Amino acid sequence: MAHLAWRLAQRWCPSSLQVISFPVVQLHLNRTAMRASQKDFENAMNQVKLLKKDPGNEVKLKLYSLYKQATEGPCNMPKPGVFDLINKAKWDAWNALGSLPKETARQNYVDLVSSLSSSLESSSQVEPGTDRKSTGYETLMVTSEDGITKIMLNRPTKKNALNVEMYHEIMHALKAASKDDSAITVLTGNGDYYSSGNDLTNFTDIPPGGVEEKAKNGAILLREFVGCFIDFPKPLIAVVNGPAVGISVTLLGLFDAVYASDRATFHTPFSHLGQSPEGCSSYTFPKIMSPAKATEMLVFGKKLTAGEACAQGLVTEVFPDSTFQKEVWTRLKAFAKLPPNAMRISKEIIRNREKEKLHAVNAEECSVLQGRWLSDECMNAVVNFLSRKSKL
Ligand SMILES: CCCCCC/C=C/C(=O)SCCNC(=O)CCNC(=O)[C@H](O)C(C)(C)COP(=O)(O)OP(=O)(O)OC[C@H]1O[C@@H](n2cnc3c(N)ncnc32)[C@H](O)[C@@H]1OP(=O)(O)O
């Protein structure tokens with residue numbers, strides 16, 4: 001009983017939640033894949049001023065040291081005397097960052113502020129079900145309510161095509177959702193599309209190292225991105241509000257449930273684009289729907305209706321578009337009331353024995369795609385789309 005009381009206190013007492021939030025801060029500090037722009041950095045500096053709670057001296061020193069490193073580089077001040085306690089603590093914190101590059105310090109600062117904003121916001125949450133909106137995302141809307149973290153793709157005018165920023169932001173949102181206090185996580189799209197897949201303009205921004213470097217970087221990003229779905233620890237549900245194309249379809253094989261509007265379609269036109277399957281679909285689709293049906297989709301680019309996708313096991317259930325949102329969210333709210341640890345553990349039992357295999361498949365698919373991106377077939381398809389000569 002005392003144990004239960006302690007756990008309840010830990011759940012609701014803001015000061016103990018501050019302690020819980022610390023590993024989240026660490027997690028964000030370890031994330032180096034995203035690159036913060038000067039604008040992100042300035043936004044983060046403004047956000048610090050808006051924090052409603054004092055984050056404590058340890059965090060303030062970390063913020064100070066990252067700020068100095070990001071703006072001035074390695075510590076360049078003479079060491080204060082032992083009795084100058086405050087300046088000595090600040091000097092120690094800055095000096096401890098050694099030769100950490102300015103860009104990394106800037107990114108770590110932005111991550112730290114972002115994690116502080118969400119952890120301190122959640123510590124002031126008094127009632128379950130209070131809506132929590134994330135800020136700082138350019139391409140997503142992320143909310144946490146009723147035990148559900150909802151990650152909404154938010155580029156409706158581009159049919160929610162996934163640009164490089166969106167890949168990074170989804171990874172960030174998934175990592176945050178895996179640590180937050182929600183029971184389940186949902187991915188959905190804003191507007192009439194779920195997602196039109198990879199943003200084909202991703203192929204246009206060629207770095208100094210040329211197309212080879214571009215393809216290599218793309219493969220690294222894709223592998224990390226898909227890896228986040230393979231490793232996601234809580235029930236992950238897709239609410240497919242409209243047509244889905246390319247990678248937004250292949251990833252569905254890594255979700256725990258897929259609910260679709262009857263307006264949704266499922267299209268993986270990889271051969272048309274001179275590309276090859278990703279998102280582990282070369283492994284998950286044949287298992288889900290038989291090798292021949294997977295071939296129709298992944299090799300011949302057959303577009304499925306929601307009903308067909310459901311009959312083939314890719315979609316869990318289809319709802320009429322007119323009642324889709326209401327019916328699905330009612331159901332998800334009921335799921336989110338189930339004991340979260342039991343759900344997490346059950347997911348682990350269902351998925352874990354496949355994890356190693358999925359990571360190996362992911363690595364292989366990315367390596368094959370890296371080669372495909374350099375092919376004439378792929379380059380022509382991208383040029384045709386961008387010059388408005390072709391559409392799916
Ligand atoms: C790090 C790299 C990882 C890569 C992973 C590999 C992933 C592979 C894939 O996902 S393959 C699938 C790629 N997707 C496509 O080929 C879809 C291309 N889009 C279309 O064919 C059409 O836009 C459509 C059928 C999705 C929708 O047609 P329509 O309803 O007529 O709308 P518009 O074409 O007018 O679209 C509106 C607006 O959005 C832009 N847009 C839509 N999809 C994409 C896209 N995938 N990439 C870039 N831009 C896209 C479109 O250009 C319009 O923009 P505009 O208003 O003209 O500025």
Side-chain angles (χ1 to χ4, degrees), residues 33-35 139 153-172 187 189-207 211-230 238 240-254 263-282 285 297-304 361-375 377-392:
M34 276 179 76
R35 265 166 275 128
T139 65
L153 310 176
N154 192 27
R155 297 182 74 215
T157 57
K158 297 288 177 187
K159 309 291 180 194
N160 297 323
L162 278 80
N163 62 8
V164 170
E165 189 173 20
M166 201 190 257
Y167 285 109
H168 283 295
E169 289 194 344
I170 293 172
M171 288 194 280
H172 186 229
L187 190 74
N190 188 17
D192 61 342
Y193 260 66
Y194 175 65
S195 168
S196 62
N198 186 43
D199 189 316
L200 296 174
T201 65
N202 286 340
F203 292 108
T204 55
D205 168 28
I206 306 297
V211 282
E212 283 81 10
E213 188 186 327
K214 180 86 200 168
K216 188 169 151 227
N217 293 343
I220 292 170
L221 173 58
L222 180 61
R223 186 171 168 184
E224 193 189 351
F225 177 73
V226 174
C228 287
F229 286 83
I230 298 172
V240 186
N241 53 299
V245 184
I247 189 165
S248 71
V249 177
T250 56
L251 283 174
L252 295 176
L254 299 173
R263 232 175 29 78
T265 51
F266 299 82
H267 194 190
T268 49
F270 297 127
S271 300
H272 300 67
L273 294 165
Q275 298 186 36
S276 51
E278 24 60 358
C280 294
S281 58
S282 63
F285 278 29
M297 278 195 85
L298 298 174
V299 180
F300 303 137
K302 181 179 176 193
K303 190 197 282 189
L304 300 191
V361 170
N362 182 25
E364 190 188 349
E365 288 178 347
C366 292
S367 150
V368 172
L369 251 182
Q370 185 177 334
R372 284 278 85 213
W373 287 329
L374 298 173
S375 69
E377 289 179 343
C378 177
M379 288 188 198
N380 290 339
V382 172
V383 169
N384 283 341
F385 174 76
L386 296 176
S387 59
R388 303 281 179 258
K389 277 196 223 143
S390 78
K391 224 177 237 193
L392 294 172

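Order of appearance sets the numbers: ligands from 1, and atoms from 1 within every ligand. Because the structure is a prediction, the values reported are computed rather than measured.
- Distance alone, capped at 3.5 Å, is enough to place a donor-acceptor pair between the E365 side chain and the S282 backbone.
- Distance check: R155 CZ to N163 CG gives 4.0 Å after rounding to the nearest 0.5 Å.
- For atom 16 (O) of ligand 1, the nearest non-hydrogen atom of the protein is L200 CD1, 3.5 Å.
- Of the protein's heavy atoms, K158 CD, 3.8 Å lies nearest to atom 40 (C) of ligand 1.
- A donor-acceptor distance shorter than 3.5 angstrom exists from the side chain of N160 to the backbone of N190, with no hydrogens or angles considered.
- The main-chain N or O of A161 is never found under 3.5 Å from a side-chain atom of D199 such that the two would form a donor-acceptor pair.
- Protein heavy atom nearest atom 21 (O) of ligand 1, with residue, atom name and distance: L392 N, 3.1 Å.
- When hydrogens are left out, the protein atom nearest atom 35 (O) of ligand 1 is K391 NZ, 3.6 Å; that is the closest non-hydrogen contact.
- Proximity of a side-chain donor or acceptor of T201 to a complementary backbone N or O of T204 within less than 3.5 Å is not detected.
- In this structure, the separation between OG1 on T250 and CE on M297 is 9.5 Å, given to the nearest 0.5 Å.
- Distance screen at 4.0 Å: atom 53 (C) of ligand 1 has no protein heavy-atom neighbour inside the cut-off.
- In this structure, atom 49 (N) of ligand 1 lies nearest to the protein heavy atom F385 CE2, 3.8 Å.
- The distance from ligand 1 to the heavy atoms of G197 drops below 4.0 Å at these ligand atoms: 10 (O).
- At a 4.0 Å heavy-atom cut-off, ligand 1 touches N198 through backbone and side chain alike.
- The protein non-hydrogen atom at the shortest distance from atom 45 (C) of ligand 1 is A161 CB, 3.6 Å.
- A donor-acceptor contact shorter than 3.5 Å is absent between the side chain of S196 and the backbone of V245.
- Considering both main-chain and side-chain atoms, P269 never comes within under 3.5 Å of ligand 1 through any nitrogen or oxygen pair.
- Using a distance-only test at 3.5 Å, with no hydrogens or angles considered, no donor-acceptor pair links the side chain of R372 to the main chain of L273.
- Remark: the backbone N or O of G191 is paired with a side-chain donor or acceptor of N241 at under 3.5 angstrom.
- Ligand 1 lies within reach of L221, whose nearest heavy atom is under 4.0 Å from it.
- Looking only at distances, no side-chain donor or acceptor of R263 sits under 3.5 Å from a matching main-chain atom of P243.
- For the pair I247 and ligand 1, the shortest N or O to N or O distance falls below 3.5 Å.
- Heavy atoms of W373 approach ligand 1 to within less than 4.0 angstrom.
- Protein heavy atom nearest atom 26 (C) of ligand 1, with residue, atom name and distance: Y193 OH, 3.5 Å.
- Residue L273 has at least one heavy-atom neighbour below 4.0 Å for each of these atoms of ligand 1: 11 (S), 12 (C), 13 (C), 16 (O).
- For the pair T157 and ligand 1, a heavy-atom separation below 4.0 Å is found.
- Formation of a donor-acceptor pair under 3.5 Å by the K214 side chain with backbone atoms of F203 is not found in this model.
- Residue, atom and distance of the protein heavy atom nearest to atom 48 (C) of ligand 1 are D199 OD1, 3.1 Å.
- Polar contact check, S196 against ligand 1: a nitrogen or oxygen pair lies under 3.5 Å apart.
- Contact of the L162 side chain with the T139 side chain is not registered, since no non-hydrogen atoms from C-beta on lie closer than 4.5 Å.
- Of all the heavy atoms of Y167, the ones lying under 4.0 Å from any atom of ligand 1 belong exclusively to the side chain.
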